[in-house]
Each structure stands twice: as C-alpha cells, then as structure tokens.
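Report on one structure; see the data block that follows.
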Amino acid sequence: MIHKNITTVFLILFASMGWSQAKKIVILKPIKAKSSFFTLVERDTLQTMVELKTLIDNLQYELRYASKHNFTGKRMYPRNMHTTFLRLKPAIALAKVAEDLKEKGLGIKIWDAYRPYGTTVRFWKLIHDERFVANPSKGSGHNRGTAVDLTLVDLKTGKELDMPTPFDDFSTAAFHGAINIDTMKIRNRVLLKNTMEKFGFLPLETEWWHYSWPGASAYDVLDLSFKALGSKID
Ligand SMILES: [Zn+2]
C-alpha cells in the first residue's frame, strides 16, 4: 500500500514536471537600452548596426511590416519607415552582393532585415505557430541583425523579377527545392541564392527570400527601436 502510494506520488510529480516543462517558455533577455548597445559597439565594432542605404547604392526598401501589407494584416513597425539595419559583416557582404548583381543590371529590394525582439513577441502572440513565425524563446536572426528578407529588381525599370511566390507565402512553392514552377522563376530564385551564397549568406530551405549570416549566436538579441539605432522616421 505504501509502495503504491509512493508510486502514485512519483507519477503525479513526473506528470506535473512534464506539464511545467511543456508550459515553460524561456524568455530571452534582449538588449533594450541604447546605452548598453553603444557600449557594446565601442568594445567590438563588429556589433555595429549599419543602415543599409548608407553602404549600398540602388537599394530599394519595401518594408512590409511598416504597412499592413504583410501576413499579419497589421502594421508592426512605425508608419512609412524608410530605414533598416544589419550588423557590420552581413551589411558589407550585402554590399558585395549588390555590386555583383549591378553588373547584370540587377538590384536588391529589402522586405525586412533587423526586427526588434518586441516585434517577434507580437508575431508570436498573433500567430503562435513555429512553422510561420520565430519562437521568442529562441530569438531570430532578424532580432540579431543577421538575417535579411529580399528579392531581385531590374535596375532599369525598378520592377521585381518574377519569383516562385510572393514574400511570406508559406506554401511549399516557396521552398528552394520546389521545381514544378515556371523556368524563369526558378532561374531568378537560383540567381539570388547563388549570389547570396557566393558572399557568405546561408539560405533557408522553406523561404526563398530569407538569408542569414553564419555565427548569429555571436550577436545579442536586440530590442531597440529603429529610431534608437539612428533611423530617419518620417
Ligand atoms: Zn526572414
């Protein structure tokens, strides 16, 4: 009888531990204070967040989260924002990508780069599905200023090149492995991938538009506003 009771106690204990583990969300401690961030940059210049247009000519911004034209249907960034950031190394690499594409008469359009951690938390509250949005317990490359969402444009017309899907389309047609697609769209997707990889970016199998810089864990998750990073907000 005692044995049975002890077993029951252990069963209840393990069950409750399992429950608390399942419920547990590790909350990251992002850098929120501008002063802490700039102290960090003073110690290590690689932590610098670079406004991409200060480094790259002919860059187009269509920052989808600064409008309602995104998968949430809600505006997540300041209205009419015309600025975005990456850490120094990926920003320099992206400038090399732009130089390389320029020789082909092509340019880059950015849909998103740095994303404050608070926005990732808001995405999670709205969507709560790891297939579509980053789990805040991990933080994302966007929160570290090491990931960028982009497409190719024709420099003469300014128009986007045809790609397999629109931005933030979560169907399998957005996968790099998707082949049952118009040949020209595949060619454009592959050109973007080859050029990004040539300068060190890593692709994401499920999103043809998302690229990240290796070694993201060397960079802290940030929860600083674009304004705090030195943006020009209209
Ligand atoms: Zn992305």
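Along the sequence shown, the residues carry numbers beginning at 1. Whatever order the structure lists them in is the order used to number ligands and atoms, beginning at 1.
Screening Tyr61, Tyr65, Tyr77, Trp209 against Asp112 for a side chain to side chain donor-acceptor pair (under 3.5 Å) leaves a single residue, Tyr77.
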What donor-acceptor contacts under 3.5 angstrom involve side-chain atoms of residues 198-205, with partners at least two apart or in another chain?
from, atom 1, to, atom 2, distance (Å)
Lys198, NZ, Asp100, OD1, 2.8
Glu205, OE2, Gly177, N, 3.1

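Asp149 contributes atom OD1 as its closest N/O/S atom to the Zn ion (ligand 1). Nearest N/O/S atom of His210 with respect to the Zn ion (ligand 1) is recorded as ND1.
Distances from the Zn ion (ligand 1) show that Asp112 has no N/O/S atom below 2.8 Å.
Within the 3.5 Å criterion, the main-chain N or O of Leu192 finds no donor-acceptor partner in the side chain of Asn188.
If you look at Phe226 and Tyr114, their ring centroids are closer than 6.0 Å.
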